[in-house]
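Notes for the one structure printed next.
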There are 2 protein chains.
Amino acid sequence: MATRPTMKDVAAEAGVGVMTVSRVVNGDPGVAPATAARVEEAVRKLGYHRDDVARQLRRTNQLSQTIGLMVDHVADPFMAAIASAAEDVARQHGSVVLIGSSRDDLRREREVVAAFTARRVDGMVLTPVVGSHRFLRSTIEQGTKVVCVDRAAPGLDVDTVVVDNFDAVRDAVQRLIANGHRRIGYLGDRQEIWTVGERHRGYLAALEAAGIDADPALVRHGLRSGPEAATAVTELLAAPEPPTALLAGNVVVAIGALAVLPPDIAFIGFDDFALAARMTPPVTVIAQDPVAIGTTAAHLLFARIHGDTSPPRTVVMPTTLIPRGSGEIPGPYAQGS
Amino acid sequence: MATRPTMKDVAAEAGVGVMTVSRVVNGDPGVAPATAARVEEAVRKLGYHRDDVARQLRRTNQLSQTIGLMVDHVADPFMAAIASAAEDVARQHGSVVLIGSSRDDLRREREVVAAFTARRVDGMVLTPVVGSHRFLRSTIEQGTKVVCVDRAAPGLDVDTVVVDNFDAVRDAVQRLIANGHRRIGYLGDRQEIWTVGERHRGYLAALEAAGIDADPALVRHGLRSGPEAATAVTELLAAPEPPTALLAGNVVVAIGALAVLPPDIAFIGFDDFALAARMTPPVTVIAQDPVAIGTTAAHLLFARIHGDTSPPRTVVMPTTLIPRGSGEIPGPYAQGS
DNA sequence: TGCCCTCTTGGTAACGTTACCGAACGCGCC
DNA sequence: GGCGCGTTCGGTAACGTTACCAAGAGGGCA
């Protein structure tokens, strides 16, 4: 196994100095075309690739052209779409993306962030988990840019891209109420997650505005997977006074719930998903645009990396309620029924 | 904005030499507890993080604890599952993952691979695109390990993890034929992609074995998105002699096709997807296990990184045909109908 | 007391690159 | 011819870390 060639090897091969090789490799001006050709020939012959590790070390206050992206779980389609969008933007800026999953574990998030900063990322996009993010303080102070996406990090004064979770869920629940439902179930992930908390608040606000007492028996928090959500639905519906409508707080929960949901129960899910329109009945959803969210977050990050020092801002992206049928199933109090 | 502290700063703060700081930071033995405590205090006070860029430079023949993962498109749920599995394995080995998408573009693949090697990754997992991969030769010779996943790279002698694409599709098409279909449509991505070619060959083999002439009018290649697949289905079904059954070569095509597919056309898709069982009719699929595939590929890669020098091998993971209904719709030649 | 051995500690030289400076060369002009 | 200038090139010193070696302190033993 050949050892990796260095500029010195290339220089020797081409009969020039290392500085000339450096200039050619980086496309710097001031090299005679004939010399450059000789160097490029040597580069090809030896299979030389510039070593960015050494390069970054020397160019201390330059950029590493690397950003980090930490999401809850890469396999989650919503997060995957954000990741893909972020990667596209990074590419436009000549950067690559380090990826990591927190799996909703603060210790793991810490480790991922540490691994990122140790690799001198220019900045990172995070979907923060529950807990204190004070450990990010020193990282930020040392110049690493941070943008939060999907979830806000309370106590951390950074750019944030979120959607109008509270309004969206409140409006959706109001819609269910208007369609004649009073016993509306709520299925959500861990309530401590910012997004989840906002959505739950929206649910409660809609009930309160309609003068409906919130029944804790209709609420299930902490659902982390499809099967957990399915079990929760089965249990809710087996209760003495089952709900006539359900709201699912995210797409994982929604898909899990739909696997066992009878077609006569009204249903609205947060996040759109493929084939929602082909279900029986077609599924009404609160749609957000993960590509737009990821793109916006990445643009904010690169603006910071490139010197934007304006005060941190929070961008609220819109959601759209897409009525397809499942959310329009009338409830027992529907007018005219 | 404070500049990033170095070991020298910590050493000055703690009143020790840099070597002592290095030892403490790396948990090396041979430092008196009292001294170590003083250093750790200084580390905390200054918010010091080890600079792995400099570390890697010095430890030239050591590992960078970074691997690359290049897939066609991160947002593709199949690829996202592989990415997630690979990240989990990487984490077990204390490594982080650089991610990149080729988007089926050889030039882009080259750039991503170059960006990976420039960052001295220990190895990479690739889903190679169409084209020659000779440019990987020098990278491999210089010690970067490569594992191909999902698709083989013809002409590249590396570990590869694939599924039995040919057999799986041939068996699925045989099943459609046994159910009375003779005009069976095929919807696929670019035929030049290894996986796609294998699946198409399986389709042709099943037809030939049954003595059915392959009708090119029933075959659509090069479908890169859901909408393209939907259009293709609409066109195929509008033809004078439309197919009575369809086989979709991957999940993106399948989901696109299902958006417009009438319920009386038999259908089998490659790759399982959420809620396939809840469609009307429930969708028969050839399922592969992306988590197992990604995990296997990552394990192979780390085995190589840790010194495995046995000859490259190809691991063929199993697929499972899951009959749910859509693939069992009888055709015009069904017995007893 | 002198010697050796262990424990702890620090100095120095790399790793591969680039920033900074200076040198060599050719050319035009006084 | 001498001088200045632009072009092309190379030497040297960093970047922050670790490998290697060496040195001082302290203790045990002859």
Side-chain angles (χ1 to χ4, degrees), chain A residues 2-40 42-43 46-66 117-121 142-143, chain B residues 2-40 42-43 46-66 114 117-121 142-144:
Chain A
T3 175
R4 178 177 183 140
T6 72
M7 281 193 176
K8 216 193 294 192
D9 301 325
V10 177
E13 175 73 28
V16 299
V18 284
M19 274 315 298
T20 305
V21 177
S22 175
R23 276 188 274 258
V24 172
V25 167
N26 292 291
D28 287 359
V31 177
T35 316
R38 212 143 35 89
V39 170
E40 282 174 18
V43 165
L46 300 181
Y48 171 81
H49 294 279
R50 184 177 63 196
D51 187 334
D52 276 18
V53 170
R55 183 168 205 250
Q56 279 172 53
L57 177 61
R58 186 59 185 84
R59 309 175 61 190
T60 299
N61 42 12
Q62 301 290 328
L63 299 177
S64 66
Q65 311 252 90
T66 305
T117 54
R119 285 167 181 78
R120 280 198 189 170
V121 294
Q142 286 161 26
Chain B
T3 175
R4 179 177 183 140
T6 71
M7 281 193 177
K8 217 193 294 193
D9 301 325
V10 177
E13 175 74 26
V16 299
V18 283
M19 271 316 297
T20 305
V21 176
S22 175
R23 276 187 274 258
V24 172
V25 167
N26 293 289
D28 287 0
V31 177
T35 315
R38 211 141 36 90
V39 170
E40 281 173 20
V43 165
L46 300 181
Y48 170 82
H49 294 280
R50 185 178 64 197
D51 187 332
D52 275 17
V53 170
R55 183 168 204 249
Q56 280 172 54
L57 177 62
R58 187 58 184 87
R59 308 175 56 184
T60 298
N61 41 13
Q62 300 291 328
L63 299 177
S64 65
Q65 311 255 85
T66 305
T117 55
R119 284 166 180 78
R120 281 199 189 169
V121 294
Q142 285 161 27
T144 306

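Just so we're on the same page: letters track the sequence lines, and every chain starts at 1.
Screening residues 54-66 of chain B for salt bridge (Lys or Arg N to Asp or Glu O under 4.0 Å), with sequence neighbours left out, gives no hits. Residue pairs meeting the salt bridge (Lys or Arg N to Asp or Glu O under 4.0 Å) criterion with at least one member in residues 27-40 of chain A: none, sequence neighbours excluded.
A distance of 12.5 Å separates NZ of K8(A) from OH of Y48(A), quoted to the nearest 0.5 Å.
For L46(B), the side-chain contact (heavy atoms from CB on, under 4.5 Å) test picks out P5(B), D9(B), V10(B), E13(B), with sequence neighbours left out. Applying the side-chain hydrogen bond (donor to acceptor under 3.5 Å, both in side chains) test to T35(A) and every residue at least two apart in sequence or in another chain returns nothing. When the side-chain hydrogen bond (donor to acceptor under 3.5 Å, both in side chains) test is applied to T117(A), no partner is found at least two apart in sequence or on another chain. Listed by chain and number, the residues in a salt bridge (Lys or Arg N to Asp or Glu O under 4.0 Å) with R50(A) are D52(A) (sequence neighbours excluded).
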Just list the side-chain donor-acceptor pairs under 3.5 Å for residues 17-25 of chain A, sequence neighbours left out, or say none.
none

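Checked by atom type and distance alone, the side chain of Q142(B) pairs as donor or acceptor with a backbone atom of G47(A) at under 3.5 Å.
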- [ ] Using a 4.0 Å cut-off on protein heavy atoms (strictly under), produce a 5'-to-3' string for nucleotides 22-27 of chain D with B for base contact, S for backbone-only sugar-phosphate contact, and - for none.
- [x] ------
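Taking a 4.0 Å limit (strictly below) on heavy-atom distances, residues 25-37 of chain A reaches DNA chain D at G30(A), V31(A), A32(A), T35(A). The stretch residues 15-24 of chain A touches DNA chain D through V16(A), G17(A), M19(A), T20(A), R23(A), each having a heavy atom under 4.0 angstrom from the strand.
Smallest separation of non-hydrogen atoms from R120(B) and Q56(B): NH1-O, 2.8 Å.
Taking the 5' to 3' direction, DNA chain C first and last meets chain A under 4.0 angstrom from a heavy atom at dG16(C) to dC20(C).
Between V39(A) and V43(A) the shortest side-chain heavy-atom distance falls below 4.5 Å.
T66(B) and R119(B) share no donor-acceptor pair across their side chains, judged by distance under 3.5 Å alone.
Between its opening and closing five pairs, the helix from dT1(C)-dA30(D) to dC30(C)-dG1(D) changes axis direction by 70°, a value rounded to 10 degrees.
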